[in-house]
Protein chains: 2
Amino acid sequence: MKKPTLVDVGQEAGVSAITVSRALRQPEKVSDSMRAKVNAAVKKLGYVPDVAAAALASKRSNIIGMVVPSFSNNVFADVLAGAYDAIEGTGFTIQIGNVNYSALTEETLLPNLLNLRPVGLIVAGVDQTRRSKELLKMAACPVVQVMDTDSDPLDMIVGFSHSDAAATAVGHMIDMGFRRIGFLGARMDPRSQKRMAGYRYALEQRGLFDPALQVTTQSSSSVSVGGHLLADLLAIAPDCDAIFCNNDDIAVGAAFECQRRNLAIPRDMGICGFNDLGTAAEMHPRLSSVFTPRFEIGRRAVEMAVRAINGPLPAEDRIVDLGVELRVRASTNLANVS
Amino acid sequence: MKKPTLVDVGQEAGVSAITVSRALRQPEKVSDSMRAKVNAAVKKLGYVPDVAAAALASKRSNIIGMVVPSFSNNVFADVLAGAYDAIEGTGFTIQIGNVNYSALTEETLLPNLLNLRPVGLIVAGVDQTRRSKELLKMAACPVVQVMDTDSDPLDMIVGFSHSDAAATAVGHMIDMGFRRIGFLGARMDPRSQKRMAGYRYALEQRGLFDPALQVTTQSSSSVSVGGHLLADLLAIAPDCDAIFCNNDDIAVGAAFECQRRNLAIPRDMGICGFNDLGTAAEMHPRLSSVFTPRFEIGRRAVEMAVRAINGPLPAEDRIVDLGVELRVRASTNLANVS
DNA sequence: TTGACAAATGATTGCGCAATCATTTAAGGT
DNA sequence: ACCTTAAATGATTGCGCAATCATTTGTCAA
């Protein structure tokens with residue numbers, strides 16, 4: 001009752017093992033009748049190729065490696081969901097590495113991932129260490145960086161510009177009449193930094209930037225932290241009239257803090273989040289946020305990797321900027337306030 | 001510049017290849033001096049074992065397969081985070097399969113996973129199809145079911161009783177004085193069903209059960225859906241004075257709906273969520289919820305699998321019930337209401 | 001009918017490692 | 001010093017497959 005091999009299938013079909021291998025991997029190279037015979041034998045015996053043997057013989061696996069900073073962050077959960085959606089039916093497999101927002105962990109993880117001889121690699125962000133970048137450049141497979149188009153890609157990239165997205169959102173808040181707009185940020189990973197840069201740029205354009213209005217922490221993001229950050233900001237700058245938040249958790253937490261302090265949103269405090277994860281849109285009042293195409297980023301990244309396995313993509317297909325969508329809701333709409 | 005092999009390391013160290021293999025895999029079987037020599041050669045050449053060749057030769061991989069219903073659900077994101085935390089340093093690798101809450105998808109995924117010759121398997125829930133269960137039973141590796149201790153395990157299990165957890169929470173609500181307690185549930189996967197059963201049991205004990213107060217939908221869970229479900233419930237039963245929610249998203253959405261309807265929490269409507277994901281605790285007022293040890297479940301599942309790889313565990317270690325923690329907050333505390 | 005050529009199929013080899021069995025070396029007792 | 005036994009190390013083989021090269025079969029034109 002052991003697993004059938006190519007030889008077993010060959011005997012069943014009355015042909016050689018290598019022909020079976022070809023019939024399965026390059027069906028167009030064998031005659032129609034042969035293909036039918038082989039498929040019948042495969043089905044009868046329940047043959048399934050041994051991935052380890054195939055990987056050893058061909059020196060390439062069916063693995064697409066994927067490096068994410070965290071599972072618990074919904075953003076990457078969505079990216080993963082998109083990636084798994086796209087991998088379906090391609091015959092490839094995703095192997096996830098979690099690096100806990102640590103560039104150093106990434107540096108030790110990459111050699112392990114590379115050791116699997118992946119056919120493709122998808123990594124979050126563009127801010128790898130020098131050594132990680134070298135490993136990625138030397139990798140014998142296509143590499144897709146995801147999330148972030150603010151820098152040039154090593155090979156291919158899909159995402160959006162965090163600084164542009166933030167600048168757009170803050171520009172909108174200025175347009176709505178807010179003048180003392182604070183920034184609340186937790187974690188402050190590279191993408192958060194870029195959002196903060198976009199925030200700064202938009203304010204500097206109008207001569208409204210005040211460094212004192214930026215309150216950040218290295219601790220990880222949560223609704224609870226959002227409340228604390230707003231409290232800190234208000235202690236420093238009681239005249240602050242709006243906040244742009246690094247992400248939706250912070251925004252939601254800040255909104256709850258406003259409720260506890262009886263600050264009316266948006267009259268006393270305008271709020272804009274980032275990512276538009278769902279809760280923000282359902283709050284009372286509903287919070288404005290910047291929707292980011294997370295699922296789509298995962299999907300496209302896998303598609304790019306799979307395409308690139310059969311040869312390099314043309315230059316114009318190597319960079320995909322999916323943009324974002326500013327979703328304006330009550331929390332920044334000063335116009336409707338009496 | 002190709003990858004060094006065991007033979008290369010052996011030559012460098014002046015010993016045979018197989019001794020190198022042993023020095024690395026069973027260090028206690030070689031002499032101290034040999035181990036030192038080999039380690040030096042390994043380091044000098046930067047040798048890394050080829051996993052495909054090892055898998056082929058030994059007929060076993062270093063893979064622990066893990067089947068989850070979804071990435072986007074924070075519950076499983078936390079379980080995965082715990083699992084990845086525990087796998088660190090064990091030399092094993094996690095291979096994730098996402099089955100999108102579909103038992104049928106699971107059935108087609110499992111053979112693929114099994115084909116990797118995993119050394120362990122971790123699957124969510126106890127409600128696999130008959131065929132899936134057969135595959136798991138015949139699997140040549142330890143199997144850990146996670147999340148749910150409401151049924152007997154196929155092999156090992158770690159989680160908690162969803163029905164007991166729900167019954168405890170609803171019992172608490174009854175104790176606080178609520179009498180017309182509704183149930184709001186989305187997705188209604190097997191674990192949701194068990195929570196609903198626990199809800200029912202607690203109410204039946206006091207003669208308070210009314211089937212009309214159960215409002216559910218098959219659509220997936222979200223804050224938005226929580227609001228709709230409460231609206232539906234109130235349309236049917238305006239006298240409802242509290243709700244036990246299938247999860248925190250539903251609870252938070254229902255709480256927002258209360259705010260929109262000017263229903264005071266908990267005076268007009270008591271609310272209890274499930275999982276205690278963070279947002280609920282920060283709301284205004286803060287929502288009661290049932291904390292579930294998700295990260296710990298992932299961690300323990302990997303630990304169990306790794307232990308069981310070296311031989312079956314004693315019976316008393318094969319079932320781990322981590323329990324839950326009812327976290328009572330303002331949203332069910334009728335006592336403090338004037 | 002034959003020859004030229006392409007399409008289809010087959011035989012051989014080795015990928016890098018671990019299992020198995022064989023051999024050597026060291027340790028301990030008398 | 002000698003033998004016994006265990007510990008340490010080595011030689012050989014095959015895991016299941018794909019790459020490479022070799023051979024057969026089929027097709028078509030002259």
Side-chain angles (χ1 to χ4, degrees), chain A residues 1-39 41-42 45-63 91 93 112 114-117 119 140 309, chain B residues 1-39 41-42 45-63 91 93 112 114-117 119 140 309:
Chain A
M1 271 311 288
K2 57 188 282 292
K3 264 183 59 174
T5 69
L6 277 182
V7 174
D8 300 328
V9 177
Q11 281 178 350
E12 175 71 28
V15 300
S16 74
I18 185 58
T19 302
V20 176
S21 173
R22 248 190 310 247
L24 295 175
R25 291 183 302 137
Q26 309 167 29
E28 73 284 358
K29 299 270 181 180
V30 304
S31 65
D32 290 357
S33 61
M34 174 64 78
R35 204 176 317 128
K37 252 197 306 187
V38 168
N39 287 338
V42 164
L45 298 184
Y47 170 76
V48 186
D50 182 309
V51 288
L56 180 59
S58 68
K59 294 173 178 283
R60 52 147 43 193
S61 68
N62 67 345
I63 292 173
T93 301
N112 292 331
L114 256 8
N115 186 39
L116 300 177
R117 300 179 186 280
V119 286
I309 288 167
Chain B
M1 272 316 289
K2 56 190 283 290
K3 264 183 59 175
T5 70
L6 277 182
V7 174
D8 301 328
V9 177
Q11 280 177 350
E12 175 70 28
V15 299
S16 74
I18 185 59
T19 301
V20 175
S21 173
R22 247 190 310 247
L24 295 175
R25 291 182 302 134
Q26 309 166 31
E28 73 284 358
K29 298 271 181 180
V30 303
S31 65
D32 290 356
S33 61
M34 174 63 78
R35 203 176 319 128
K37 254 196 305 186
V38 168
N39 286 338
V42 164
L45 300 183
Y47 170 77
V48 185
D50 182 309
V51 288
L56 179 59
S58 68
K59 293 171 179 282
R60 54 148 41 193
S61 68
N62 68 344
I63 292 173
T93 300
N112 291 332
L114 256 8
N115 185 40
L116 300 178
R117 302 179 185 279
V119 286
I309 288 167

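Heavy atoms only: backbone and side chains are in, while hydrogens, waters and symmetry mates are out. Within every chain, numbering begins at 1; the chains are lettered A, B, ... in the order of the sequence lines, protein sequences first and strands thereafter.
The stretch residues 31-39 of chain A does not touch DNA chain D, since none of its heavy atoms comes less than 4.0 Å from the strand. Listed by residue number, A/Leu56, A/Ala57, A/Lys59 are the residues of residues 45-62 of chain A with a heavy-atom contact under 4.0 Å to DNA chain C.
Shown here are the side-chain hydrogen bond (donor to acceptor under 3.5 Å, both in side chains) partners of A/Ser21, two or more places apart in sequence or in another chain: A/Arg25. For B/Asn115, the side-chain hydrogen bond (donor to acceptor under 3.5 Å, both in side chains) partners two or more places apart in sequence, or in a different chain, are A/Lys3. Remark: A/Arg117 engages B/Asp50 in a salt bridge (Lys or Arg N to Asp or Glu O under 4.0 Å) (not counting sequence neighbours). Taking the side-chain hydrogen bond (donor to acceptor under 3.5 Å, both in side chains) definition, one finds that A/Thr19 meets it with A/Ser16, sequence neighbours left out. Here B/Ala54 pairs with nothing under the side chain to side chain contact (heavy atoms under 4.5 Å, CB included) rule; sequence neighbours left out. Here A/Arg35 pairs with A/Asp32 under the salt bridge (Lys or Arg N to Asp or Glu O under 4.0 Å) rule; sequence neighbours left out. For A/Asn112, the side chain to side chain contact (heavy atoms under 4.5 Å, CB included) criterion is met by no residue, not counting sequence neighbours. When the side-chain hydrogen bond (donor to acceptor under 3.5 Å, both in side chains) test is applied to A/Ser58, no partner is found at least two apart in sequence or on another chain.
Between its two ends, the helix from C/dT1-D/dA30 to C/dT30-D/dA1 turns its axis by 30°, counting five pairs per end and rounding to 10 degrees.
The shortest non-hydrogen separation linking B/Ser61 to B/Ala55 is CA-CB, 4.2 Å. Across all non-hydrogen atoms, the minimal contact from B/Val119 to B/Ile309 is O-CG1, 3.5 Å. Across all non-hydrogen atoms, the minimal contact from A/Leu56 to B/Ala52 is N-CB, 4.0 Å. Residues B/Tyr47 and B/Thr5 come closest through the heavy atom pair CE1-C, 3.6 Å.
Atom CG of B/Leu6 and atom C1' of D/dA11 are 15 Å apart (whole Å). The nearest whole Å value for the distance from the CG atom in A/Leu116 to the P atom in C/dG16 is 16 Å. One can place NZ of B/Lys3 at 9 Å from C1' of C/dG16, the figure rounded to the nearest angstrom. A straight line from CD of A/Gln26 to P of C/dA8 spans 12 Å, rounded to a whole angstrom.
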Under 3.5 Å, which N/O atoms of the protein pair with N/O atoms of nucleotides 20-22 of chain D?
none

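Within the nucleic acid shown, B/Val15 comes within 4.0 Å of sugar-phosphate atoms alone, with no base atom in reach, counting heavy atoms only.
A close approach under 4.0 Å does not occur between any side-chain nitrogen or oxygen of B/Thr19 and OP1 or OP2 of D/dT9. A/Ser21 has a side-chain polar atom (N or O) that falls below the 4.0 Å cut-off from OP1 or OP2 of D/dA18.
Nearest nucleotide to the B/Arg25 side chain, out of C/dG10, C/dA18, D/dA18: C/dA18.
In this structure the side chain of A/Asn39 reaches within 4.5 angstrom of the side chain of A/Leu24, judged on heavy atoms. Between A/Val42 and A/Val48 the shortest side-chain heavy-atom distance does not fall below 4.5 Å.
Comparing B/Arg117 and B/Lys29 against DNA chain D, the residue whose closest nucleotide sits nearer the 5' end is B/Lys29.
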